Amino acid sequence: KQEVTQIPAALSVPEGENLVLNCSFTDSAIYNLQWFRQDPGKGLTSLLLIQSSQREQTSGRLNASLDKSSGRSTLYIAASQPGDSATYLCAAYSGNTPLVFGKGTRLSVIA
Amino acid sequence: NAGVTQTPKFQVLKTGQSMTLQCAQDMNHNSMYWYRQDPGMGLRLIYYSASEGTTDKGEVPNGYNVSRLNKREFSLRLESAAPSQTSVYFCASSEASGRARETQYFGPGTRLLVL
């Protein structure tokens, strides 16, 4: 059974800092690994999706990497801004079952 | 193109009351999902419908029932609400292509308070 873990549960950084959010998964037989953003009181929005054949995906200041062999993914946020404050969730997709989500990392970027 | 819509946005119930949460998607997706989200517990899957006409239990199905009314709509029913069902409920949908680009699209959520 796939399990997805995110550490830390919460992170607070000053504006402008580069940061890394971590995600680990137990079953490497995944089709993709996804990162979502959730603002307070809102639903989830997809940020980046890395297919199993890919090593990384980039969107603006966000870069997500995938290492299937070690069961790890990271989300790198460059030059963080207060508007980046949100909860970030990763999820693993294995094909025959629904997405398996981590519990998320709550990020606060302090101006 | 509204995506995934949920009604109501907020609801207060008394213990023992029943209610149905509605969800609809306009993306012609095959699969639909109901989650609950509680502090410290993350997103937990209640039920899902892989395709029209099918439903399956998720991680926390007790106390809930679902109906896949048609391809667009997937409802979640609480027959006898309990305070432990106080939560934020999210509906999601996906194409269910089984391909490497498969993802889910989420509704805005329903906040439920059971007194």
Side-chain angles (χ1 to χ4, degrees), chain A residues 1-10 21 23-25 28-57 59 64 66 68 73 86-106, chain B residues 2-6 9-10 21 23 25 27 29-51 54-61 66 74 87-112:
Chain A
K1 177 187 170 186
Q2 179 74 272
E3 292 182 5
V4 177
T5 303
Q6 292 186 248
I7 296 173
L21 305 181
C23 172
S24 61
F25 48 96
S28 63
I30 60 171
Y31 282 37
N32 67 47
L33 191 289
Q34 307 180 35
W35 286 91
F36 292 82
R37 169 180 172 140
Q38 185 178 28
D39 292 294
K42 306 288 187 183
L44 279 68
T45 303
S46 180
L47 291 174
L48 289 166
L49 183 152
I50 314 173
Q51 299 179 41
S52 61
S53 59
Q54 298 173 325
R55 283 298 192 101
E56 63 178 49
Q57 281 288 319
S59 176
L66 175 64
K68 281 179 55 178
S73 176
T87 297
Y88 292 82
L89 295 93
C90 67
Y93 175 62
S94 301
N96 291 329
T97 57
L99 286 175
V100 178
F101 285 86
K103 293 184 179 180
T105 294
R106 188 172 68 253
Chain B
V4 179
T5 57
Q6 294 182 235
K9 286 185 168 53
F10 181 72
L21 281 65
C23 175
Q25 52 90 10
M27 296 173 281
H29 283 169
N30 291 309
S31 296
M32 298 184 73
Y33 312 83
W34 276 107
Y35 295 89
R36 62 177 289 174
Q37 187 176 41
D38 304 286
M41 303 296 291
L43 273 173
R44 293 184 290 173
L45 184 64
I46 305 171
Y47 271 95
Y48 68 101
S49 171
S51 61
T54 69
T55 60
D56 286 285
K57 295 179 181 179
E59 183 184 353
V60 288
V66 291
F74 189 38
S87 187
V88 181
Y89 292 85
F90 289 100
C91 177
S93 70
S94 69
E95 188 179 351
S97 63
R99 300 195 186 109
R101 287 210 58 80
E102 179 77 2
T103 187
Q104 289 185 10
Y105 298 83
F106 282 77
T110 294
R111 292 181 177 275
L112 177 65

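Just so we're clear, the structure is a prediction, and the values are computed from it rather than from any experiment. Residue numbers start from 1 in every chain, and the chains themselves are labelled A, B, ... in the order their sequence lines are given, proteins ahead of strands.
Interface remark: A:Q54 contributes no atoms to any contact with chain B (heavy atom separation under 4.5 Å). Heavy atoms closer than 4.5 Å to chain A are found nowhere in B:E59, neither backbone nor side chain.
Without hydrogens or angle criteria, B:N30 side chain to B:E95 main chain gives a donor-acceptor distance under 3.5 Å.
Of the listed residues (A:T45, A:L99, A:T87), the one with the most heavy-atom contacts under 4.5 Å to chain B is A:L99. With chain B as partner, the option from A:S46, A:P98, A:A91 having the largest number of non-hydrogen pairs under 4.5 angstrom is A:P98.
Contact record, B:Q104 with A:Q34: N-OE1, 4.3 Å, taken as the closest heavy-atom pair.
With a 6.0 Å radius and a threshold of 12 heavy atoms from other residues, nucleotides or ligands, B:R44 has its CZ atom above the threshold.
Counting heavy atoms from C-beta outward, B:Y35 and A:F101 have side chains that approach closer than 4.5 Å.
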